[in-house]
Protein chains: 2
Amino acid sequence: MTTIKDVAKQAGVSVATVSRVLNGNGYVHEDTRSKVEQSIRELNYTPNEVARSLYKRKSKLIGLLLPDIMNPYFPQLARGVEDEMQENDYRLIFGNSDEKKQKEMEYIQTFVQNNVVGVISSTNDPEADMYTGLNIPVVFLDRTSNDRPSVFADGREGGRIAAQEMMLRGSKEITVMQGPADVRPALERFEGAVEVLEDRGAAYQVLKTTSFSLTDAEGFAYELFRQYPDTDGVIASNDIVASAVLKEAHRLEKRVPEDVQIIGFDDILLSSLLAPSLSTIHQPAYEMGRAAARLLIELIEGQHIERSSIEFPVEFMERQTTRKVES
Amino acid sequence: MTTIKDVAKQAGVSVATVSRVLNGNGYVHEDTRSKVEQSIRELNYTPNEVARSLYKRKSKLIGLLLPDIMNPYFPQLARGVEDEMQENDYRLIFGNSDEKKQKEMEYIQTFVQNNVVGVISSTNDPEADMYTGLNIPVVFLDRTSNDRPSVFADGREGGRIAAQEMMLRGSKEITVMQGPADVRPALERFEGAVEVLEDRGAAYQVLKTTSFSLTDAEGFAYELFRQYPDTDGVIASNDIVASAVLKEAHRLEKRVPEDVQIIGFDDILLSSLLAPSLSTIHQPAYEMGRAAARLLIELIEGQHIERSSIEFPVEFMERQTTRKVES
DNA sequence: TTGTAAGCGTTATCAC
DNA sequence: GTGATAACGCTTACAA
C-alpha cells in the first residue's frame with residue numbers, strides 16, 4: 001500500500017505538506033503543490049480513510065438499517081438513499097434488522113464502532129436507548145417520529161383513502177387486513193381505514209396478520225375467504241398480501257373486481273404487472289429514500305434544516321381490482 | 001466515547017492488559033481478567049474498530065457491489081450475502097454499479113480506502129485491472145470467471161432448457177429476446193437458447209434489448225409483436241421483460257399459452273403471482289449469495305478451499321405461460 | 001511557506 | 001503476569 005510518506009519522499013517534501021495539498025488547507029507554494037500532485041498521480045495514491053477516520057473521529061460512512069431488503073418495498077428506499085449518498089461521497093454500511101430489536105442493536109453498535117457519521121433506520125421504536133443515546137444524527141425512514149428527524153408517508157391518510165374508495169365503489173362487507181401489530185406503518189394504515197369505516201357506520205371485519213412474507217400471505221388469504229366468505233372488499237396490509245388475496249380470489253373463482261374489490265398498499269413494481277392490475281395506495285419510496293439521505297447530510301454537515309420531519313403524501317392508484325365509479 | 005484507556009484506569013491496569021483480555025491472547029491472571037471484564041461492562045465499552053483496522057491493516061468490512069438493488073433479482077443475492085456475513089461478524093459496505101465501469105471503479109477504490117478484507121462483485125469484466133490488481137480476495141457473484149473465485153448459475157444451460165421446453169411444447173416461430181450485450185449472464189442464456197434452436201434447425205428470430213428496466217421492457221414487448229406478429233413463443237431475457245411481454249400479449253388479445261408461450265428467467269417473486277403465472281428458469285439467488293459469502297470468508301481466513309468456482313444448476317419452473325405436454 | 005511532532009485508539013513487542 | 005511503548009497512516013498545532 002502506498003502511504004502519504006511515500007508521496008512525501010517522492011516529492012521531496014514532508015508529509016504535512018502532502019496533507020495540505022490533499023485537503024486544500026494551509027499555504028502551499030504553487031510549485032510544491034504541482035510536484036506533490038504529480039507524485040500522487042505517479043504513485044496512484046489515495047488516502048487511507050481509516051487513518052483519517054481515526055484522527056478526525058469521523059468517517060464518510062453512514063449506517064443504513066432496513067427491515068428486509070427482500071421485501072420489494074425496501075429496495076426502492078435503499079436505492080434512493082444510496083444514490084443521494086453516493087453523489088455526496090458518503091458510503092453505506094448496510095444491514096437487515098428483520099424488525100428484531102436484537103439485530104438492530106448489534107448493527108447500531110457496529111455502526112458506532114466504525115465511526116459512522118450518521119444513521120438511517122427503519123425502526124419501530126425511535127425512542128429506544130440505542131437511538132436516544134447516540135451522539136450522531138439519526139433519520140428515521142418509513143417510520144414516524146414527532147420530535148426526531150424522520151421521513152415517512154402519510155400512512156393513516158392512505159388507510160382512510162383506501163376505505164373511502166372501497167365504499168365509494170360499492171363494497172358493503174369490507175375486510176381490513178391488519179398488518180403485524182408491532183410494525184408502525186402497518187398499524188397506522190390500519191387505523192386510518194378503520195377510522196373511516198367506523199365514521200360511516202360501515203360493516204367491516206378485521207383479519208390480523210403477522211408477517212409480510214408471501215408464503216404467510218397465502219395462508220392469510222386462505223383464512224380470509226374461509227372466515228369471511230361474503231366479503232366483497234379487501235383492504236390489504238400491503239401489495240404482497242394483496243397479491244396473495246387476488247390469487248386466492250381467482251382460485252375460488254370469484255370475479256375481481258365484480259365480486260370482490262382489492263386495494264393494496266405501497267405500489268411496488270409487481271402491482272401494475274398483475275392481471276388484473278392492482279389498485280393500491282402509492283408511496284414515493286425512492287424519493288423518500290433520497291429525502292432521508294439529504295436530511296441526514298444536512299444534519300451531519302450542520303446546515304440549516306428546513307424541516308426535520310418530512311411527510312410525503314400518498315396517492316390512490318386506480319387500477320383494475322376496483323370498480324369504475326360513474327362520474 | 002469510552003476508550004481502552006478509560007477501562008484500564010477503572011480496572012487499575014494498563015491498556016496492554018485490557019487488550020489482552022479483549023483479544024484473549026497472552027497471559028492474564030484470572031482475578032485481573034474479571035476486574036477488567038467488569039470495568040468493560042460498567043463502562044459499556046466496545047473497542048473502536050477503526051483503530052483496530054488501522055493497526056492491523058484489516059477490518060471486518062466487506063465490499064458488496066451489485067448492479068442495481070431495485071432489480072428484483074438482486075435483493076435475494078444481497079440478502080444471502082448479508083445473512084452469511086452477519087453470522088460471521090462481517091459487515092457490508094454496499095453500492096450499486098448500474099453496470100457502469102466508472103461507478104464500479106469508484107466503489108472498489110473506496111472499498112480499499114476503508115480497508116475492506118474482501119469484495120463480492122457482479123461485474124462484467126472480472127479481468128479488469130481494478131480486480132486483478134487488488135491484493136484482497138474477490139468473489140464474483142452472478143458472473144462467471146474460469147480462473148478466479150466465482151459463484152454463478154448455469155445460464156447457458158438455462159437458455160438451452162428454455163429453448164427445448166419451448167419446442168417440446170409446440171412453438172414453431174420462436175422469438176429470443178437478447179438481453180444487454182455487455183451483461184454477461186444475459187449473453188450466456190441467449191447463446192444457450194440459440195445453440196439449441198440452431199441445432200434443431202428451428203425457425204427463430206432475435207430481438208435485441210438494451211435494459212432490464214420495466215419501462216424499457218414495455219417498449220421492447222411492443223416492438224416484439226409489431227416486428228414479429230406471428231411469433232408463438234417468446235424466450236425473454238428475464239422475468240421483468242417476460243412480464244412486459246405477457247402484458248402486451250394480453251393487450252393484443254393473444255391467448256397465453258395457446259397463441260404464444262412465454263418463458264422468463266430468474267424466478268423472482270413476481271413470477272408466481274402473475275396470472276397466468278410465469279414459466280421461467282429458476283436461479284437459486286439467495287443460496288448463491290450465501291455461497292459467495294462463505295467462499296469469500298474461506299478465502300479471507302485462509303481456510304482450505306474446496307472449489308473456488310461454484311456453479312449452481314438452474315431449473316425449469318413449469319407454470320402457466322407454457323402449454324402442458326402429454327406424457 | 002514548510003517541517004516537526006503529538007495524537008487519534010488500538011495491538012504487539014519487549015522488558016521487568 | 002503485567003506494563004511501557006512503538007507503530008498503524010493520517011491531520012493539525014506550533015515552530016522555524
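The structure displayed is predicted, hence computed values, not measured ones. Numbers restart at 1 for each chain; the letters A, B, ... are given by sequence-line order, proteins then strands.
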Phosphate OP1/OP2 of dT2(D): any Thr32(B) side-chain N/O under 4.0 Å
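Yes, within the criterion.
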
Using whole Å, what does the distance between atom P of nucleotide dG1(D) and atom NZ of Lys35(B) come to?
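Spelled out: NZ on Lys35(B) to P on dG1(D) is 14 Å.
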
Could you check how far CG of Asn115(B) sits from C1' of dC10(D), rounded to whole Å?
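Rounded to whole Å, this separation is 12 Å.
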
Can you run down the side-chain hydrogen bond (donor to acceptor under 3.5 Å, both in side chains) pairs that involve residues 113-126 of chain B, sequence neighbours left out, and say none if there aren't any?
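Listed once each, the pairs are Ser53(B)-Asn115(B), Glu99(B)-Asn124(B), Lys101(B)-Asp125(B), Glu104(B)-Thr123(B), Ser121(B)-Tyr131(B), Asn124(B)-Arg143(B).
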
Going 5' to 3' along DNA chain C, which are the first and last nucleotides with any atom under 4.0 Å from a heavy atom of chain A?
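Counting from the 5' end, contacts occupy dT1(C) to dG9(C).
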
Is the shortest distance from a Lys or Arg side-chain nitrogen in Asp83(A) or Arg79(A) to a carboxylate oxygen in the other one below 4.0 Å?
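Yes, this pair counts.
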
Taking only Lys NZ, Arg NE, NH1 and NH2, and the carboxylate oxygens of Asp or Glu, determine whether Glu87(B) and Arg294(B) approach each other closer than 4.0 Å.
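Arg294(B) and Glu87(B): not salt-bridged.
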
If you look at every heavy atom in Leu295(B) and Ser150(B), which pair is closest and at what distance?
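Nearest pair, atom of Leu295(B) first, then Ser150(B): CD2-N, 4.2 Å.
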
Quick one: closest heavy-atom pair of Leu66(B) and Phe94(B), and the distance?
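Answer, listing the atom of Leu66(B) first, then Phe94(B): CD2-CE1, 3.9 Å.
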
More than 12 heavy atoms of other residues, nucleotides or ligands under 6.0 Å from [atom1] of [X]: yes or no?
X: Lys35(A); atom1: NZ; answer: yes
X: Lys60(B); atom1: NZ; answer: yes
X: Asp129(A); atom1: CG; answer: no
X: Lys9(B); atom1: NZ; answer: no

Angle between the two end axes of the helix from dT1(C)-dA16(D) to dC16(C)-dG1(D), five base pairs per end, rounded to 10 degrees?
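Comparing the first five pairs with the last five, the axes sit 50° apart.
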
Quick check with a 6.0 Å cut-off and a 45 degree axis cone: is Arg91(B) positioned over the face of Phe111(A)'s six-membered ring?
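That pair does not qualify as a cation-pi contact.
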
Which residues in residues 9-26 of chain A have at least one heavy atom lying under 4.0 Å from any atom of DNA chain D?
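Correct list: Ala16(A), Ser19(A), Arg20(A), Asn23(A), Asn25(A).
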
Is it true that Gln86(B) and Glu106(A) share a donor-acceptor pair across their side chains at a distance under 3.5 Å?
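Yes, side-chain donor-acceptor contact under 3.5 Å.
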
Does anything in residues 45-59 of chain A reach DNA chain C, meaning a heavy atom under 4.0 Å, and if so which residues?
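DNA chain C contact set from residues 45-59 of chain A: Leu54(A), Tyr55(A), Arg57(A).
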
Please list, chain by chain and in numerical order, all residues satisfying side-chain hydrogen bond (donor to acceptor under 3.5 Å, both in side chains) with Lys103(B), sequence neighbours excluded.
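Lys103(B) satisfies side-chain hydrogen bond (donor to acceptor under 3.5 Å, both in side chains) with Asp98(B) only.
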
Side chain to side chain contact (heavy atoms under 4.5 Å, CB included) for Val112(B) and Thr46(A)? Distances and angles first, verdict last.
CA-CA 9 Å; Val112(B) 172; Thr46(A) 56; 5.7 Å; no

